2 protein chains.
Amino acid sequence: MEPVPMLLAMTYRAMGDQFHDRLAQIGLEPLRPAHGYVFRFLKARRATTVDIGQHLGVTKQAAAKIVNELDEWGYVIREPHPTDKRAQYVTLTTKGRDYLKFADNLWSDLESEMAEAIGPDSLATIKTGLTAYLQHVHGDDQPGLRPVW
Amino acid sequence: MEPVPMLLAMTYRAMGDQFHDRLAQIGLEPLRPAHGYVFRFLKARRATTVDIGQHLGVTKQAAAKIVNELDEWGYVIREPHPTDKRAQYVTLTTKGRDYLKFADNLWSDLESEMAEAIGPDSLATIKTGLTAYLQHVHGDDQPGLRPVW
DNA sequence: TAGGGTTAGACAACTTGGTTGACTACTTTG
DNA sequence: CAAAGTAGTCAACCAAGTTGTCTAACCCTA
């Protein structure tokens with residue numbers, strides 16, 4: 001059998017392919033993966049462009065480009081930082097939150113289909129196993145979902 | 001708990017980070033991910049540049065660049081195709097096979113450490129579960145490990 | 001078996017998503 | 001209060017991909 005890392009990659013790729021197929025079918029504006037990672041990051045915390053760059057693992061200039069796009073397209077807005085006059089908080093608009101919610105539903109559908117295919121017990125074991133591993137690696141401050149290049 | 005696809009991505013990313021850290025420590029020439037995918041593809045089958053492009057999901061021109069690099073660096077050679085005078089088979093050299101073997105050992109180490117962290121039974125269930133899902137999705141012709149970006 | 005459509009690979013021009021570097025305005029620290 | 005550090009922007013560059021074009025070889029069919 002294939003080693004675990006390959007199985008993880010193959011499975012994620014298989015689910016990701018279906019995810020994008022369905023997004024395309026629905027006709028929802030197809031954002032690039034980086035945008036999704038930003039949405040997910042902003043959902044949890046307030047963040048500046050620099051924070052976003054750090055999370056994505058790119059320079060602040062690259063992050064700024066992405067934030068500019070998302071702003072132009074209406075998915076995020078920039079708000080003045082309450083205490084630091086240099087900085088701006090980037091936050092999701094309603095449109096941004098809606099897109100994220102829609103994507104989450106799609107992922108959730110795929111998870112359900114996996115449960116049907118391999119059985120809910122199997123799925124549950126996988127989830128707790130992976131979660132335990134992440135706990136083992138990162139301890140108590142999980143970095144969250146970062147790009148898998 | 002996070003949905004499965006995110007768990008898959010986070011776990012793969014966590015393992016990948018460790019993989020690259022260790023590669024760098026050893027001081028082995030750091031190839032890019034695409035090269036790894038090519039090695040793994042060539043291990044199983046004889047392939048032309050076009051085949052490689054298809055597998056990676058890029059144009060044949062992009063694939064040709066990668067193959068050129070790998071050739072210059074001594075990881076692959078091009079051999080005349082036995083029946084088609086236009087085409088060339090790309091095959092791994094000893095250096096290429098050695099690199100792949102080394103990488104496989106590293107991945108295997110990471111799998112062992114996962115087994116320690118979450119228990120071998122848990123790991124086994126994960127592997128059979130993911131394998132079953134891939135069987136469910138792709139049926140009998142598995143596309144193998146393709147890039148996840 | 002000739003001829004038309006297709007395919008492998010090479011070459012060139014261009015696009016894109018990132019990089020490094022420099023600068024201003026503001027903040028933090030000694 | 002001065003010096004060092006940081007958020008964000010502008011500009012130049014780079015790398016990895018793209019499209020488009022071409023030649024030589026292949027393959028089908030009438």
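Hydrogens, waters and symmetry mates play no part in the numbers below; they use all other heavy atoms, side chains included. Given the structure is predicted, the values throughout are model-derived calculations rather than measurements. Proteins come first, then strands; the chains are lettered A, B, ... in the order of their sequence lines, and each starts at number 1.
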Hey, what are the protein-to-nucleotides 11-14 of chain D N/O distances that come in under 3.5 Å?
none

Would you please indicate yes or no on a ring centroid separation below 6.0 angstrom for B:Tyr75 and B:Tyr99? yes
If each end axis of the helix from C:dT1-D:dA30 to C:dG30-D:dC1 is fitted on five C1' pair positions, the angle between them, to 10 degrees, is 30°
Let's see if you get this right: which residues in residues 77-91 of chain B place a heavy atom under 4.0 Å from DNA chain D? B:Thr83, B:Asp84, B:Lys85, B:Arg86
Whole angstrom is fine here: how far is it from CG in B:Leu31 over to C1' in D:dA15? 16 Å
Which class fits the ring pair B:Phe19 and B:Trp107: parallel under 30°, tilted 30 to 60°, perpendicular over 60°? parallel
In whole Å, I'd like the distance from the CG atom of B:Asp71 to the P atom of C:dG9. 13 Å
Residue list, ring pair (Phe, Tyr, Trp, His ring centres under 6.0 Å) with B:His136, at least two apart or on another chain: none
Tell me which residues in residues 38-60 of chain A put a heavy atom below 4.0 Å from DNA chain D, sorted by number, or none. A:Thr48, A:Thr49, A:Val50, A:Lys60
Hey, could you give me the CD1/NZ distance between A:Ile77 and A:Lys95, rounded to the nearest 0.5 Å? 13.5 Å
Of all residues at least two apart in sequence or in a different chain, which pass the side-chain contact (heavy atoms from CB on, under 4.5 Å) check with A:Glu113? A:Gln18, A:Arg22, A:Asp109, A:Leu110
Please determine which of B:Arg78, B:His81, B:Arg45 meets the side chain to side chain contact (heavy atoms under 4.5 Å, CB included) test together with B:Tyr89. B:His81
Can you check salt bridge (Lys or Arg N to Asp or Glu O under 4.0 Å) on B:Asp51 and B:Arg46, steps first, answer last? CA-CA 9 Å; B:Asp51 295 334; B:Arg46 320 188 72 197; over 6 Å; no
